[in-house]
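See below for the structure under consideration.
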Amino acid sequence: MNHAIKQNLFYITILILLASCGRTDPSLQKAPPPVAVNLYTVQEGSAVYYNLYPATVTALNQVDVRPQVAGYITGIFYKEGQHVNKGDKLYSIDQQQYRGAYEQAVANLAVAKANLVKAQQDADRYEELAKQDAIARQILDHALADLDAAKKTVDAANANVSAVETNLRYSTIYAPFTGTIGISNVKLGGAVLPGQTILNTISSDDPIAVDVAVDEKLIPRFAQLQDQKRTLSNDSTFTIILADQSRYPYPGNIYFMDRAVDPQTGTIKVRLLFPNPKKVLKVGMTCNLRVQNNTSAETLLIPYKCVVEQMGEFFVFVLGDSNKVTQRKIALGPRLLDKVVVRDGLKVNDRIVTDGVQKIRDGSVVQPGPASPGKKQDSLKTMASPDSSKRK
């Protein structure tokens, strides 16, 4: 038994010795090697960029063509989808009943005028006889009353002629303004009702309007753009990007801003006018309005890959003394290709980490590579959406 106890003590001693051999002095442990990073030297530059806003093409004038009299369609005088001018004949409605009523009204007017002539002659004759006391005063009074009634009958007949003539005229429908007409909703022989049946729709197409909803914070900027005088032939402040990502060749201008902000969305409608000579823009099209944002003041531009997002805030690592980096909060502007505008948080000649940002933290010691100098750019042109400062 003593032998077993001695054997156990021997094993315990060996384990203690092995454990003590594995311990090292913390002061003798090596620090992790510095992380190799690449740097970028912040410089100023001017930037020309574009904000994109979802937009919808709409017509300045658009009207549903409706009949004002009832009947059957007897003629269609246009080709669907064609350009029509104001006053062009579009439809005819069966005129038989309206023409008959008009001719009857004209005949009634003629009868009323003949009765008026007779009443006038009787009144004149009785007035002469009354001066000679040859007739009773009552006969003259009746003659004058008949004359007045005859005049009123003529007036009523004239009004009736105007009414039935209007119905006859309404049986032919003309284009109310110049524009493009759509697909007819009725065919030859179809019955129509006044004010109810929509025959077709006409919309103006040159110039054409583009509507966009902008945030209420941008009202001062758009008001300033509206007041600026510009030549449409060479201006690029307002352009359109079509659904196929091609750029519409004609620039536009602000037509008006709506009278009030929508309290539910916090946006206001802005309407712009664009030339449309080739009828490329169609009512109802969706596109993107591109608004040029040309800043005359110098601005800071840094590579977008330098930016680290944390809880909706943006940071970069700035190289300090002893090759230590400091995490610094910045305010971003629009993203421009592979760069982004910095509105606050950095200054010229700051050196920031571009590669290796995921391997370091605030206070880390790094091994910097050669700093890549930021080039001072005369113009950096690209497109940015209104919320392009948010990291995707």
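Positions are given from 1, in the same order as the sequence printed here.
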Which side-chain hydrogen bond (donor to acceptor under 3.5 Å, both in side chains) pairs, counting each pair once, include a residue from residues 60-71, with sequence neighbours left out? Asp64-Thr201
Hey, is NZ on Lys359 packed in by over 12 heavy atoms from elsewhere, all under 6.0 Å? no
Those residues that, when tested against Lys118, pass salt bridge (Lys or Arg N to Asp or Glu O under 4.0 Å) (two or more places apart): Asp122
For the hydrophobic clusters of this structure (ILVMFWY residues joined by side-chain heavy atoms under 4.5 Å, transitively), does one cluster hold both Leu188 and Val186? yes
Could you check whether any side-chain heavy atom of His83 comes within less than 4.5 Å of a side-chain heavy atom of Asp206, counting everything from C-beta outward? no
Donor-acceptor pairs under 3.5 Å, side chain of residues 70-78 to any protein atom, not counting sequence neighbours: which ones?
{"residue": "Thr74", "atom": "OG1", "partner": "Ser92", "partner atom": "O", "Å": "3.2"}
{"residue": "Thr74", "atom": "OG1", "partner": "Ser92", "partner atom": "OG", "Å": "2.9"}
{"residue": "Tyr78", "atom": "OH", "partner": "Tyr91", "partner atom": "OH", "Å": "2.5"}
{"residue": "Tyr78", "atom": "OH", "partner": "Asn200", "partner atom": "ND2", "Å": "2.6"}

Would you list the pairs meeting ring pair (Phe, Tyr, Trp, His ring centres under 6.0 Å) in which at least one residue belongs to residues 144-163, sequence neighbours left out? none
What pairs with Lys282 under salt bridge (Lys or Arg N to Asp or Glu O under 4.0 Å), at least two apart in sequence or on another chain? none
Residues in salt bridge (Lys or Arg N to Asp or Glu O under 4.0 Å) contact with Asp355, at least two apart in sequence or another chain: Lys305
Please tabulate, for the side chains in residues 105-117, all donor-acceptor contacts under 3.5 angstrom to protein atoms that are two or more places apart in sequence or on a different chain.
{"residue": "Asn108", "atom": "ND2", "partner": "Gln104", "partner atom": "O", "Å": "3.3"}
{"residue": "Asn115", "atom": "ND2", "partner": "Val111", "partner atom": "O", "Å": "3.4"}

Any pair with a residue in residues 265-276 that passes side-chain hydrogen bond (donor to acceptor under 3.5 Å, both in side chains), sequence neighbours left out, goes on the list, sorted by first then second residue, please. Asp211-Arg271, Tyr248-Asn276, Thr265-Thr267
So, do Val280 and Tyr250 sit near enough that their side-chain heavy atoms are less than 4.5 Å apart? no
Where Leu346 and Arg328 come nearest, the two heavy atoms and their spacing: CD2-NH1, 4.0 Å
According to salt bridge (Lys or Arg N to Asp or Glu O under 4.0 Å), who are the partners of Lys347, at least two apart in sequence or on a separate chain? Asp350
Tell me whether Phe315 shares a hydrophobic cluster with Val307, the cluster being built from Ile, Leu, Val, Met, Phe, Trp, Tyr side chains joined at under 4.5 Å. no
Going by atom types only, do Gln43 and Asn349 share a side-chain donor-acceptor pair under 3.5 Å? yes
Applying a strict under-4.5 Å side-chain criterion to I, L, V, M, F, W and Y, I'd like to know whether Val63 and Leu193 cluster together. no
Between Lys152 and Asp148, does any NZ, NE, NH1 or NH2 come within less than 4.0 Å of an OD or OE carboxylate oxygen? yes
With sequence neighbours left out, which residue pairs that include part of residues 314-326 fulfil the side-chain hydrogen bond (donor to acceptor under 3.5 Å, both in side chains) condition? none
Take atom CD of Gln310 as the centre, draw a 6.0 Å sphere, and report whether it contains more than 12 heavy atoms from other residues, nucleotides or ligands. yes
Residue pairs, two or more places apart or on separate chains, that pass side-chain hydrogen bond (donor to acceptor under 3.5 Å, both in side chains) and touch residues 165-181: Gln95-Ser171, Gln95-Thr172, Thr180-Asp205
Would you mind listing every salt bridge (Lys or Arg N to Asp or Glu O under 4.0 Å) that reaches into residues 236-261, with sequence neighbours excluded? none
